[in-house]
Number of protein chains: 2
Amino acid sequence: MDKNKLPVKKDMAMDELDFAMLAFLQQDGRTSFTVIAEKLNVSVGTVRTRFNRLLEEGILSIIGRVDPAKVGFHCYAHIAVFVRPATLKETVAKKIARLPEVSFLAGTSGDYDLEVDVMCRDNDHLQTFINKVAAIEGVHQTKTAIYFKVYKYAPPDLDLLKAE
Amino acid sequence: MDKNKLPVKKDMAMDELDFAMLAFLQQDGRTSFTVIAEKLNVSVGTVRTRFNRLLEEGILSIIGRVDPAKVGFHCYAHIAVFVRPATLKETVAKKIARLPEVSFLAGTSGDYDLEVDVMCRDNDHLQTFINKVAAIEGVHQTKTAIYFKVYKYAPPDLDLLKAE
DNA sequence: AAACTTTTCTGCAAAAAATGTATTTTTAAT
DNA sequence: ATTAAAAATACATTTTTTGCAGAAAAGTTT
């Protein structure tokens, strides 16, 4: 397999072999080096070296994904947070990030300032959480929406990077 | 280790041992059965049996998580989709779900009908994507917001289920 | 409550996979 | 072309997983 550099960040270049490995691991994070090596026609050692580099660089991480609904999180919600004065945004973000219910937190370019996605046991738990957020200094308003039905939840499609 | 049933869905009961295993695997999906067994004071066989059950039930999956930004997705955005007439919601959802850029798609209780999160290479790619969505029959309006800074991206915190 | 059934856990041997290291091959630079 | 550096390979060793068979626990039935 040849290694044509792909148009990624210059400092950490990745070739086709890396991407091929990622493709396997995205599907099953426990795929053995042996199997990957066979499928890609390289030695086990090569796969191992590459794998470790990908981990070290933080490009890849192997995690056990737990289905939230199946273990008891029956309420997945989206909270739009309006911060005032705007200068408090970072401070507020840091405080919200600490709450364990928060699965995603980001600053956006939209109407509101911060987006908070939370996993709660139930509506009761959610309400308690919202109150906690509302009590934070700088939180001016919140708008909550519940995710009724999740149609898709997928990892990034690496093919989008190859074919342009 | 004793197995006090925890308040999860009745049909697939999980005990403390299962949760302890999940906790390990959430951190490192490649943790060997041997290590888990030692830490939890059970036999390797037990860990294996439980592990397989968790996989089969879809409670757990081991995946290689790829850092989108590091491989070339420099634009993570949020698109609010308004569907009209409302009856087309499911149809529209199915069509959007097929697009490879979509990492998350859900129906919400908020102002808009569908929330679409997308991973794109750059703003250009994003714009092309938005046009594709806008062209779908039933899509009345879209509002896009870019995630400027992601403060947190975390798996569900299982401790929230134990202590209530 | 004893006898029986089912499920879960354990222990051990065999197979498979990962690791450590020395060597070869490839790549890049002068 | 020559040489230096980086990456890939091969193979012996260690570790982990897998496949069962037997033991222990939990749950039923009478």
Side-chain angles (χ1 to χ4, degrees), chain A residues 1-66 70-71 158 162, chain B residues 1-66 70-71 158 162:
Chain A
M1 181 148 287
D2 59 287
K3 39 177 177 179
N4 308 319
K5 297 290 191 301
L6 284 153
V8 196
K9 237 182 170 182
K10 297 94 199 158
D11 41 340
M12 44 178 144
M14 293 181 49
D15 60 20
E16 284 184 20
L17 179 55
D18 287 309
F19 275 102
M21 283 178 55
L22 291 181
F24 276 106
L25 292 164
Q26 267 189 325
Q27 281 213 298
D28 176 2
R30 279 210 168 211
T31 314
S32 73
F33 296 164
T34 312
V35 169
I36 296 175
E38 278 166 9
K39 302 254 187 185
L40 300 179
N41 291 310
V42 287
S43 74
V44 198
T46 302
V47 172
R48 177 185 20 154
T49 311
R50 300 270 191 139
F51 178 90
N52 288 330
R53 190 190 73 103
L54 290 169
L55 281 191
E56 268 162 30
E57 308 243 10
I59 294 166
L60 171 73
S61 47
I62 309 292
I63 57 157
R65 206 188 94 72
V66 175
K70 289 192 177 154
V71 294
L158 303 181
K162 309 199 174 181
Chain B
M1 181 148 286
D2 58 285
K3 40 178 180 179
N4 307 318
K5 296 290 191 301
L6 285 153
V8 195
K9 235 181 173 182
K10 297 93 200 157
D11 40 337
M12 42 177 143
M14 294 180 48
D15 59 21
E16 284 182 21
L17 180 55
D18 288 310
F19 274 103
M21 284 180 52
L22 291 182
F24 276 106
L25 293 163
Q26 266 188 326
Q27 282 213 295
D28 177 2
R30 280 211 166 206
T31 314
S32 72
F33 296 165
T34 314
V35 169
I36 296 174
E38 277 166 10
K39 301 255 189 187
L40 300 178
N41 291 309
V42 287
S43 74
V44 196
T46 303
V47 172
R48 181 190 11 161
T49 312
R50 300 269 191 140
F51 178 91
N52 288 331
R53 191 190 71 104
L54 290 169
L55 281 191
E56 268 161 32
E57 307 242 8
I59 294 167
L60 171 73
S61 46
I62 308 291
I63 57 155
R65 207 189 92 71
V66 175
K70 288 193 177 153
V71 294
L158 302 180
K162 310 201 173 178

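Labels below follow one simple rule: chain letters A, B, ... track the order of the sequence lines, proteins then strands, and each chain is numbered from 1.
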- Just compare dA8(D), dT17(D), dT19(C) and give me whichever is closest to any side-chain atom of Ser32(B). dT17(D)
- Side-chain atoms of Val42(B) come closest, of dT10(C), dT17(D), dT19(C), to dT10(C)
- Starting from P on dC9(C), measure out to CG on Asp15(B) and report it in whole angstrom. 7 Å
- Separation of dT8(C) atom P from Asn41(B) atom CG, nearest Å, is 21 Å
- Query: Rounded to the Å, how far apart are Ile36(B) CD1 and dT15(D) P?
  - Reply: 18 Å
- Which of these nucleotides, dT9(D), dT10(C), dT18(D), is closest to any side-chain atom of Ser43(A)? dT9(D)
- Message: Tell me whether the side-chain N/O atoms of Arg50(B) come closer than 4.0 Å to OP1 or OP2 in dC9(C).
- Response: yes
- When the distance from CG of Leu55(A) to P of dT19(C) is rounded to whole Å, what number comes out? 11 Å
- Met21(B) CE to dC9(C) P, straight-line distance once rounded to whole Å: 10 Å
- Item | Nucleotide nearest Val35(B) when distance is taken to its side chain, options dT19(C), dT16(D), dA8(D) | dT16(D)
- Rounded distance [0.5 Å steps], CD in Glu57(A) versus CG in Asp18(A): 9.5 Å
- Hey, does the side chain of Thr49(A) come within less than 4.0 Å of dA8(D)'s phosphate (OP1/OP2), counting only N and O? no
- Hey, could you give me the CG/CD1 distance between Leu17(A) and Ile36(A), rounded to the nearest 0.5 Å? 9.5 Å
- Item | Pairwise distance CG(Leu25(A)) to CD1(Ile62(B)) - rounded to 0.5 angstrom | 12.0 Å
- Message: Would the distance check show the side chain of Lys162(A) and the main-chain N or O of Phe19(A) forming a donor-acceptor pair, the cut-off being under 3.5 Å?
- Response: no
- Task: Report the distance from atom CZ of Phe33(B) to atom C1' of dT18(D), rounded to the nearest whole Å.
- Result: 10 Å
- Task: Using whole Å, report how far CZ of Phe51(A) lies from C1' of dA8(D).
- Result: 18 Å
- Query: Expressed in angstrom and rounded to an integer, what is the separation of Asn52(A) atom CG from dA7(D) atom C1'?
  - Reply: 14 Å
- Note on the structure: Side-chain contact check for Arg48(B): nearest option of dA18(C), dG19(D), dT17(D) is dG19(D)
- So how far is it from Arg48(B) CZ to Phe33(B) CZ, rounded to the nearest 0.5 Å? 8.0 Å
- Query: Where the side chain of Thr46(A) is concerned, which of dC9(C), dT17(D), dT9(D) is the nearest nucleotide?
  - Reply: dT9(D)
